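Note that ligands are numbered from 1 as they come in the structure, with each ligand's atoms numbered from 1 the same way. Just so it is clear, the structure is predicted and the values come from calculations on it, not from any experiment. Just so it is clear, the values below take in all heavy atoms, side chains as well, and ignore hydrogens, waters and symmetry mates.
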Amino acid sequence: MRVLLTGGAGYIGSHVALVLLERGDDVIVLDDFSNSSPEALRRVEKLTGKTVQVVEADLADRAAADAALADLEFDAVVHFAGLKAVGESVAQPSRYYRTNLNSTLNLLDIMRDKDVRKLVFSSSATVYGTPAAGVERLDETQPVGCGVTNPYGWTKAMIEQIITDVQRSWPELEAVLLRYFNPVGAHPSGEIGEDPSGIPNNLMPFVAQVAVGRREKLAVFGDQYPTADGTGVRDYIHVMDLAEGHVAALHHLQPGVEAYNLGSGEGYSVLEVVKAYTDASGKQIPYEIVAPRAGDLATLVADPAKANERLDWRTTRSLDDACRDSWTWQSQNPNGFAGA
Ligand code: NAD
Ligand code: WQD
């Protein structure tokens with residue numbers, strides 16, 4: 001298959017590119033490198049011995065997207081491109097809505113013009129908003145958009161609706177919405193991994209930068225949640241398991257729109273992540289407990305049964321594997337791709 005990855009130079013896209021190339025698929029990446037480095041794709045090429053066709057363009061700019069994709073042929077699209085920082089989306093809502101929604105609308109129009117019918121979309125567990133009290137593990141029947149607390153999350157919920165409406169008007173469209181839980185880890189080679197710009201928003205890249213000495217200590221956002229140790233519990237999914245989930249989704253596409261949770265089904269607390277990372281790295285991870293972060297939930301864990309059964313996919317890597325692989329990446333690349 002010839003697969004277009006929008007945003008394919010980013011953290012998750014680069015791992016998906018690698019897995020597709022290793023399987024023998026052809027990969028085209030469209031990226032504006034606003035939050036990534038071309039070095040990630042050079043490393044993917046080095047690891048696989050294959051070539052990635054790279055097109056630099058802003059997908060949110062219709063004329064640029066048309067020009068970039070006019071002469072390209074592809075069978076399927078995995079749509080990663082977009083802005084993803086929750087706090088930034090609260091400060092810059094127009095930019096988030098404009099970029100994420102326009103990118104998707106442009107892509108859907110271009111796919112229709114070219115009669116490319118296969119689409120896998122990077123959605124997020126954030127579309128579930130604030131689950132009803134007592135819901136322990138989220139399955140895909142949970143309502144979308146209830147209690148979403150930030151514009152980033154709304155863009156994901158809106159894009160799910162846009163894809164659903166477009167499919168109603170274009171019944172041949174085969175779309176899957178992948179609701180990722182908390183992607184972590186790196187390719188075990190340590191050649192590619194998560195390289196956040198500025199101060200990391202997410203837990204594991206922050207912990208990794210403390211372990212490598214770039215930051216002094218972790219701020220743990222609250223220890224009075226109704227969880228075993230009082231800190232927030234999340235479902236951390238190894239990025240290689242996540243990448244394999246995309247391959248499974250691409251191979252199970254059929255006309256219609258189907259949503260799948262990609263998670264492990266297991267929850268770990270912040271302090272359990274700190275402990276696992278300390279063990280994996282052999283480094284001290286100093287931390288202090290601070291006030292809870294606005295909008296955070298106590299617990300967010302996937303019920304991945306639907307993906308397990310219908311996509312014949314499940315996670316095979318543990319939190320310890322993710323910490324080990326993250327540490328290999330971080331220790332080999334203390335300044336990310338900028339140091340390359
Ligand atoms: P990332 O920022 O590393 O990758 C996104 C890529 O899209 C980057 O390479 C960026 O340069 C590119 N991009 C952004 N705007 C663009 C535009 N207008 N035109 C072309 N390229 C553009 O993020 P990621 O962690 O790899 O996430 C990939 C997707 O998965 C995103 O849609 C994100 O919202 C979603 N997601 C991520 C997480 C997570 O925790 N990492 C969780 C759930 C969902
Ligand atoms: C995990 C846990 C924090 C940082 C976010 C987005 C979500 C999705 C994944 C894209 C929580 C705690 C964190 C820190 C901490 N992204 N924490 N100190 O918030 O579950 O999900 O990323 O779709 O939409 O909201 O992930 O890694 O930020 O936090 O104590 O410095 O770690 O409170 O309990 P989150 P996270």
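Residue K156 has at least one nitrogen or oxygen atom sitting less than 3.5 Å from a nitrogen or oxygen atom of ligand 1, judged on distance alone. Taking only nitrogen or oxygen atoms, main chain and side chain alike, L59 reaches within less than 3.5 Å of ligand 1. Residue K84 has at least one nitrogen or oxygen atom sitting less than 3.5 Å from a nitrogen or oxygen atom of ligand 1, judged on distance alone. An N or O contact shorter than 3.5 Å links L203 to ligand 2 by distance. Checked by distance only, ligand 2 and A219 come closer than 3.5 Å through their nitrogen or oxygen atoms. At under 3.5 Å, a nitrogen or oxygen of I12, whether backbone or side chain, sits near a nitrogen or oxygen of ligand 1. For the pair S124 and ligand 1, the shortest N or O to N or O distance does not fall below 3.5 Å. Polar contact with ligand 1: present for D32 (N/O pair, distance under 3.5 Å). Residue H79 has no nitrogen or oxygen atom sitting less than 3.5 Å from a nitrogen or oxygen atom of ligand 1, judged on distance alone. Of the polar atoms of S36, at least one N or O is found under 3.5 Å from an N or O of ligand 1, judged by distance alone.
Distance from atom 20 (O) of ligand 2 to its nearest protein heavy atom, with residue and atom name: R234 NE, 2.6 Å. Looking from atom 4 (O) of ligand 1 to the surrounding protein, the closest heavy atom is G10 CA, 3.5 Å. From the protein, the heavy atom lying nearest to atom 10 (C) of ligand 1 is D31 OD1, 3.4 Å. In terms of protein heavy atoms, atom 35 (P) of ligand 2 is closest to N182 ND2, 3.5 Å. For atom 1 (P) of ligand 1, the closest heavy atom belonging to the protein is N35 ND2, 3.9 Å. Closest to atom 6 (C) of ligand 2 among all protein heavy atoms lies V86 CG2, 3.8 Å. Atom 3 (C) of ligand 2 has D296 OD2, 3.5 Å as its closest protein atom, hydrogens excluded (heavy atom only).
Within the structure, the closest approach of A40 to ligand 1 does not fall below 4.0 Å when heavy atoms are considered. In this structure, Y236 is part of the shell of residues with a heavy atom less than 4.0 angstrom from ligand 2. Within the 4.0 Å heavy-atom cutoff, D58 counts among the residues contacting ligand 1. Residue contacts with ligand 2 leave out Y180, since none of its heavy atoms falls under 4.0 Å from the ligand. Under a 4.0 angstrom heavy-atom cut-off, K84 registers as lying outside contact with ligand 2. Proximity of S123 to ligand 1 is established by a heavy-atom distance of less than 4.0 Å.
Proximity to G7 (heavy-atom distance under 4.0 Å) selects the following atoms of ligand 1: 6 (C), 7 (O), 9 (O), 12 (C). For ligand 1 and Y152, the ligand atoms under 4.0 Å from any heavy atom of the residue are 33 (C), 34 (O), 35 (C), 36 (N), 44 (C). Near F80, meaning under 4.0 Å from one of its heavy atoms, ligand 1 places the atoms 28 (C), 29 (C), 31 (C), 32 (O). Near A81, with a cut-off below 4.0 Å to any heavy atom, the atoms of ligand 1 are 7 (O), 21 (N), 22 (C).
Under 4.0 Å from ligand 1, not a single heavy atom of A125 appears. At a heavy-atom distance under 4.0 Å, only backbone atoms of F33 (N, CA, C or O) approach ligand 1. When heavy-atom distances to ligand 2 are checked against a 4.0 Å cut-off, V233 has no atom that comes that close, whether in backbone or side chain. Under 4.0 Å from ligand 2, not a single heavy atom of A125 appears. Of the heavy atoms in S34, both backbone and side-chain atoms come closer than 4.0 Å to ligand 1.
Remark: among candidates Y11, F181, F121, the nearest residue to atom 3 (O) of ligand 1 is Y11, based on non-hydrogen atoms.
By the 4.0 Å N-to-carboxylate-O rule, D109 lies too far from R112 to be salt-bridged with it.
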